[in-house]
Amino acid sequence: MPQLPSRISLLVAFSALYAHAALPQVDFDRMGKVGLAGAFAGFDFFSNSSVAFDPATSTLFSRSSDGSLTRLASTNSGGRINAACDLNGIAYFAGSFSSLADTSASNIVSYNPSSNSFSSLTSNSPNGEIRSIFCDQQDNKVWVGGSFTSPGSAVAVWDSNAQSWSPPPFKGFSGAQSRVNSITTNSSSSSIFFAGSFVTAFGTGSLNTTNNPSVPFSAGATPFSSSLVPIPLGSAEVEGSPSTADSGFTNIQNILCPAGPDGPGNSWFAVDNGVPLITVRAFSFISANGVRLGNTFQPDHGTTSFSITTIPDNQVRTLSYIDPATGQNQTCTDPCPLSTDSSLLYQDFLFDSIVPITGVQIKLSGFTGRSPGLHILQLLSSGAFASSVKDDNAKSCFAPSSSNITRTGDWVAKVANTDIAGTTQTVLVSDVDVGTSPASGPSFTWIPYVSAAGNYDVSLLIPGCNNLQDCDSRTSVQVTIFPGDGLPPSVSTISQRNNGDATVPLYSGPIVPSGPDFVTTITMTLADQPEGSGQNGKYEIVADRVQLVLKSVNFSTSSNSTNSPLQGMQRGFGFFEWPRSAGSNAPDASQILPNSSLTTLDGISTQMNAAISLGNPSALNGANITAVAHHPSGIIFLGGTFRLSSGTASGASNIVMFRNGALVSIADNGLNGPVSTLLIDQNRLYVGGAFLDTAAGTTNGRLRGIAVYEIDQNTWTALGSGVNGRVTGLSSTNGRVQVVGSFSSAGDNDASGIAAWNTASNTWTTSGGFISGDMSFIVNGTSQQWLAGNIVSYRKFGASGIAMLENGDQNGPKVNPVQVALSAGGPVASTVASSSRRSYVPRSTWITHSFHHLLKRQSPAQPNATLPLLPPAPAPAVLSGAFWTNGTSSTEITILGGNFTHISDSGATVSGVLLYDPKTEASSGLSGTQINGTVRALLVDGNRLYVGGEFTISGTSANGLASYDLVNGQWDLTNLQPLQASSGSPVVVRSITKSTSQASKVIVAGTFAQAGSLRCEAVCVYDTTSNQWNAPGAGISGQVATATYAGNNQEYLIVGGSLTVGGSAASVAQFDLVNSTWTALGSSSSVPGPVTAIEVNGGNASSIFAAGRGSDGSNTFLTFWNGASWSILGTDLNASTAVSQLTMVPLQDTHAAQGVIESDRMLMISGSLADSSNGNASSVLFDGQTFIPYIVSTAASGQPGFIASLFHSFAKFSFVQRKFLATGVVILISIAIAAGVVFLLALIGILWTLFSRRDDKLKYDAAEEEDDDSTHHRPSSLLEHINAATRTTILGTSPFSNYNVDKEEEKSSRDGDQDPFGPDASNYLRAETPSDAFGGLLPEESSRIAHVRYDFVPGGDGELPLQAGVEIEILDDKDPA
């Protein structure tokens, strides 16, 4: 054995070397079937590229076919990814974010999987949140929908060929904030369907081609400009300089809203021959769209040209206007012409966009006569407006009334600075106690004066909290808009917690003009669920201004009413079909659509609108369609937030179907909560959302978050007991439905954010990967799935405490999660340590840290020291595993033991022990009464299963140990006397083993005092032949935590724990199975404390590793026994570390031999391994000098998990690495050898025959010479020559010495008695060797079935490993020796 260095130097250089190298390649396949067991919901192999997750960001993942997850990127803080799709090998991800990975983007990016690169989609991508995305394979375009106004209203299209954005052919939608949640297509892809919260209108309304009747007509205005309400300037500072001294024309205030026709008191002149400047300053924010100027036509006065400069940006504006002479649109800057046609009362000049200003300066640069002058001067607003300060709502010129406000509660004025330098804005604020309901809190209503009907964008102006210094008390509010009689109200919840000034859109759609019968109202109240926690127990809500921006004047009023412009028209809500055949000439869906554009499926929207709002327009408040699913039969399912109060589906809640041209209610009137997502799988509709039951309450609350609607049966089916939260996304692959959302359990199983439903077994199962967080969506891509959410932690592989490992590729081992979902159900044993909650922070510096500071000698163990608590094993946890081959079916079954419950495929509740068939993925438990407690050890002995731990079985005397007959499927406790503990302590069995040297002895170790009436503390031997307990020698007591074997035939039992051997304290002891004697390994001072794990290196009793915790509990240690003494190796693990297992694993490659460990293996240390400086791990590999983090795991709570054991099917295996020739080379060599053997046998036969014929010639017989052709004289063929030679060789006689003609003829005449060595094809083919011919085929032997009694470890080339209990067929049992 290599010499052990006296002190191992763990240099940073060695650690750094591993930090950048691939993980060691463990040869799992050499160990047979390998299982990884523990208390974890997810695990991964260590990587230095680990990153910490910020739950304030949205993280994107890809999910492979086996369910494993790979992190791709995260958004900016506060970002959200809502949807994804694939087009031509490129993935598109959309939501609400400003960056993804390191790519700056506006709410959408593209991703190339082959190069792992993200790209933004130009600078004019949608300016608001994207909630849905559709990749149009037919036209090679990407459609997106959401809450935005550009490039289209709620819908935009990305052309991947042109690399550009455009609005949709139908322009977009209006109403209820124009939100599109779903974009789908039918099976023929002839139409694209849009669903969400928006309104459509179909009718025959005509375009309003006349000016606003409230404004005096002028040919210099358009219907649009005349509908812009002038800004009241009564409180503004207006100066005209230099001004004339002519009486009646000096006061410039007279032209702001002249009381009469052009003339004295109603017009203004400049000084003669002057170039005057007219300055208007409001000293507050103005949203202006242009200027209205009316010329004076008094003798010798009039203006011919002018220019406008805005304040405070001091920019000369470009203006657009109608040329009254031609009727054509024109633009101008400096100068702009003002008509001298006296028939024009005024002209409207509009800015190229709406401008935030505080005033304007008008230069009158050209005139007729003595001086320039004006009759009318007005600033035009963006449409309409209303301020929270009553005095600011002055009456506008030509308006019959002014804007107004109403309010409830206490409101006080505050003065805020604005983003425009030198200006302030007075606003009103109201304080409300935290916890106040919206109905009891303050309210504020704006009543803007709207001069003309049209399509408007309505926004709320909110001053920044930094200006008012009230950020901590700000919250969110609910705003309700009533746009007009017959139009649905719009309800939205907005946040007022903006730092800077903000303009928040509320509504986009038709607005009815103010009149005696109706006014538009905008009401603000406290939100139903206010944001923030307030300050000093109070929220503050802020009222500033509302702004209505006129977009178009597109419909005329009815002749019967000036307040119902859409009366008699069909209105739609939430659904729209765009036939591809409509092309680019599709009508504008944001305006009134002609009745000719109605499709059959547009009946969905008109019927939804009528059914939701009939008799109660406010019922549309918050109504929303979030998901649409198309069944092959033509049925369309719609889910969302709504309740239908009339029509063919009256009473339907949150989900409805459209069939044969009508809405139809589904079973039990739908569901009692919002629906978020739909998925069709043949005749099953999977529905996800935030509901508990049907609307009629028929399932007793079993439809938690997810349900199945059986389409052909019109019934609801529960998926187990559902999930304990909201479901946001559904997808399907490989016979499983993936479910994501905001939940922490699925059925009775831990599942944070993602779960999977097995459609074949109708059970919840593991999802393949692990995520802890709130997920927003999941969708199938081209070759993988995409999902995203706000993540706390993640692991690539998800499993309920158990996974199978095998050799993989350069990326690491292949992981096969056991497809069962285990849940918490069994009680946690009292010896289980309670894990302190630790924040999960992935570390990338584990191996770049030196372990030298723990190499110092530690305190020796004291007699009867307390055994360290076992690693925490909160349910569900798998603590032990074994393999059993069913002799009847030859199926290898994986047996799991631990602290868990499981609903088996038969529906039975399984506890403590589970049988799993990896081929069929079927699971079952042990028949009969289930275990009540925790299983920590398993042993398969033939067809008998021994179960150990800390448990009882109701109705039996079993206490920590039981026996189960695997063939007959029943407990067999008749001859197994129960274990008993010392007073005050429970029985805990931690090890059940067998030695190959004593096949009939089962050795049980743990914490107990006796077995039956036999005193055998800590270790006891059960004889399976006599069914009796025996004490293994004498002189040992205490508690055993772990046991293993040493010696070529396992003749030494090695145990570790807190022991007393021969009256002296010990941590490790050796039992000689031959001599029945106990020996303490080392003195009581050589091991720092009780041992929790032991490993014997390759059976070498002089190479033993032990791990445990120091007697004072301050540190965890690793020590090595070289046959004479212990040497501390040390680790960097703190006192909270618990080592559950040490196991030597073979490698596929080699490492530099480090003294205590050979180059072809490493020591795997598993448990709950914590390092205060560098994080947590569940398994590390030790090469004799360096500790290499190998496996990290996470519990369902997001806290670190632990590995209990690595178990394998081969009881023994070789560490020696052998190199084998390639298969092709082996085949060629085999063919060559076979050909050589055949040639050699033929040559021997020929030579022997020739030799025999030479003897015949020496004995010449004339009688024989006479019959040269007689077949009686010699063999008639080459094959008979060979057989004759063979006969001679075997019998030791001449090939023809016993030949008798008469006997031979008699023999040949009998059927069935042919010479076995003759030339018949059947016999000479069987006679492969002389021995076969003589002894094997006269008569032919048959094979027999047997079972391997002992494990066989191959020691040379061509030998195969065998495991005890395996069934084999024996073809030949002769010993050639």
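Values below: every heavy atom of this structure, side chains too, minus hydrogens, waters and symmetry copies. Along the sequence shown, the residues carry numbers beginning at 1.
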Is it true that a side-chain atom of Thr782 and a backbone atom of Gly89 form a donor plus acceptor pair closer than 3.5 Å? no
Are Thr733 and Arg63 side-chain neighbours, meaning at least one heavy-atom pair lies under 4.5 Å? yes
What heavy-atom pair brings Asn762 and Arg684 nearest, and what distance separates the two atoms? OD1-NH1, 3.9 Å
What one should report as the nearest heavy-atom pair of Ala707 and Leu719 is C-CD1, 4.1 Å
Set of side chain to side chain contact (heavy atoms under 4.5 Å, CB included) partners for Ala756, sequence neighbours left out: Thr765, Ser767
Nearest 0.5 Å, what's the CG-CD distance between Asn780 and Gln738? 7.0 Å
Using a 3.5 Å distance criterion without hydrogens, assess whether the side chain of Glu892 forms a donor-acceptor pair with backbone atoms of Pro918. no
Step-by-step side-chain contact (heavy atoms from CB on, under 4.5 Å) determination, Tyr686 to Thr759: CA-CA 11 Å; Tyr686 290 85; Thr759 59; 3.4 Å; yes
Working note: Gln784 + Ser62, criterion side-chain hydrogen bond (donor to acceptor under 3.5 Å, both in side chains); need CA distance, chi angles, decisive distance, verdict. CA-CA 6 Å; Gln784 64 275 302; Ser62 65; 5.8 Å; no
Would you say that Asn82 contacts Phe777 through its side chain, given a criterion of any heavy-atom pair below 4.5 Å between the two side chains? no
With a 3.5 Å distance limit and no angle check, can you tell me whether Asp668 reaches the backbone of Ala696 through a side-chain donor-acceptor pair? no
I'd like to know if the side chain of Thr626 and the backbone of Val675 have a donor-acceptor N/O pair within less than 3.5 Å. yes
So, using ring-ring contact (aromatic ring centres under 6.0 Å, His included) as the criterion, who are the partners of Phe61 when residues are at least two apart? Tyr794
Between Arg580 and Asp139, does any side-chain N to carboxylate O distance fall below 4.0 Å? yes
Using 30° and 60° as the class boundaries, would you call the ring planes of Tyr709 and Trp716 parallel, tilted or perpendicular? tilted
Is there a side-chain contact between Pro579 and Thr599, using heavy atoms and a 4.5 Å cut-off? yes
Mind running side-chain contact (heavy atoms from CB on, under 4.5 Å) on Phe770 and Thr1194 for me, showing each step along the way? CA-CA 8 Å; Phe770 168 76; Thr1194 303; 3.5 Å; yes
Shortest non-hydrogen contact from Arg702 to Ala718? NH1-CB, 3.3 Å
Determine, stepwise, if the pair Asn749 / His902 fulfils side-chain hydrogen bond (donor to acceptor under 3.5 Å, both in side chains). CA-CA 8 Å; Asn749 310 311; His902 172 67; 5.5 Å; no
Less than 3.5 Å apart, any donor N or O on the side chain of Thr59 or Ser74 sitting next to an acceptor on the other? yes
Does a side-chain heavy-atom distance below 4.5 Å link Thr70 with Ser64? no
We want to know whether Thr641 and Asn624 form a side-chain donor-acceptor pair, criterion being a heavy-atom distance below 3.5 angstrom. no
Can Ser731 and Gln785 be counted as having a side-chain donor-acceptor contact under 3.5 angstrom? yes
Could you go through the side-chain contact (heavy atoms from CB on, under 4.5 Å) check for Thr677 and Thr728 one step at a time? CA-CA 6 Å; Thr677 179; Thr728 58; over 6 Å; no
Any heavy-atom pair between the side chains of Leu69 and Arg795 that's under 4.5 Å? no
Ignoring hydrogens and geometry beyond distance, is a side-chain donor-acceptor pair present between Asp693 and Thr699 at under 3.5 Å? yes
Does a donor on one side chain and an acceptor on the other come within less than 3.5 Å for Ser605 and Asp602? no
Heavy-atom closest pair (Ile133 atom, Ala94 atom, distance to 0.1 Å) is CD1-CB, 4.3 Å
Taking all atoms of both residues into account, what is the closest heavy-atom pair of Ala627 and Ser676, and its distance? CB-O, 3.8 Å
Only counting residues at least two apart or in another chain, list the ones meeting side chain to side chain contact (heavy atoms under 4.5 Å, CB included) with Asn186. Ser188, Ser190, Ser191, Phe193
Ignoring hydrogens and geometry, is there a side-chain-to-backbone donor-acceptor pair from Asn734 to Arg736 under 3.5 Å? no
For residues Val820 and Ser800, determine if any side-chain heavy atom of one lies less than 4.5 Å from a side-chain heavy atom of the other. no
Ser96 side chain vs Gly79 backbone, donor-acceptor pair below 3.5 Å: no
What closest approach, in Å, do Val656 and Val664 show between heavy atoms, and which atom pair accounts for it? CG2-O, 3.2 Å
Going by atom types only, do Asn181 and Arg131 share a side-chain donor-acceptor pair under 3.5 Å? yes
Straight-line distance of Asn672 CG to Thr694 OG1, nearest 0.5 Å: 7.0 Å
Quick one about Tyr92 and Asp86 (side-chain donor to acceptor, distance below 3.5 Å, no hydrogens or angles considered), yes or no? no
Output for pair (Arg71 CZ, Leu60 CG), nearest 0.5 Å, gives 9.0 Å
Would you give the length of the straight line joining atom CG of Leu822 to atom CD1 of Ile802, rounded to the nearest 0.5 angstrom? 9.0 Å
Can you tell me if CD on Gln138 sees more than 12 non-hydrogen neighbours from other groups inside 6.0 Å? yes
Within the side chain of Gln930, is there an N or O that forms a donor-acceptor pair under 3.5 Å with the backbone of Gly928? yes
Determine, step by step, whether Val818 and Thr766 satisfy the side-chain contact (heavy atoms from CB on, under 4.5 Å) criterion, reporting the C-alpha distance in whole Å, the side-chain angles of both residues, the deciding distance to 0.1 Å, and the verdict. CA-CA 8 Å; Val818 175; Thr766 56; over 6 Å; no
Could you check whether any side-chain N or O of Asn714 sits under 3.5 Å from a backbone N or O of Ala667, counting only pairs where one atom can act as donor and the other as acceptor? yes
Does some side-chain heavy atom of Val913 sit less than 4.5 Å from a side-chain heavy atom of Ile931? yes
Would you say the side-chain atoms of Asp681 and Ser732 include a donor-acceptor pair closer than 3.5 Å? no
Flag side-chain contact, heavy atom, 4.5 Å: Arg80 against Asn790: yes
Please report whether the ring centroid of Phe194 lies less than 6.0 Å from that of Trp143. yes
Between Ser911 and Asn932, do the side chains contain an N or O donor and an N or O acceptor separated by less than 3.5 Å? no
Spacing of NE2 belonging to His630 relative to CD1 belonging to Ile680, to within rounding of 0.5 Å: 8.5 Å
Atom pair CD1 (Ile81) and CG (Asn107), whose distance is rounded to the nearest 0.5 Å: 11.5 Å
Check for a donor-acceptor pair, side chain of Asn654 on one end and backbone N or O of Phe642 on the other, with a separation under 3.5 Å. yes
Would the number of heavy atoms belonging to other residues, nucleotides or ligands and lying under 6.0 Å from CG of Asn660 be above 12? no
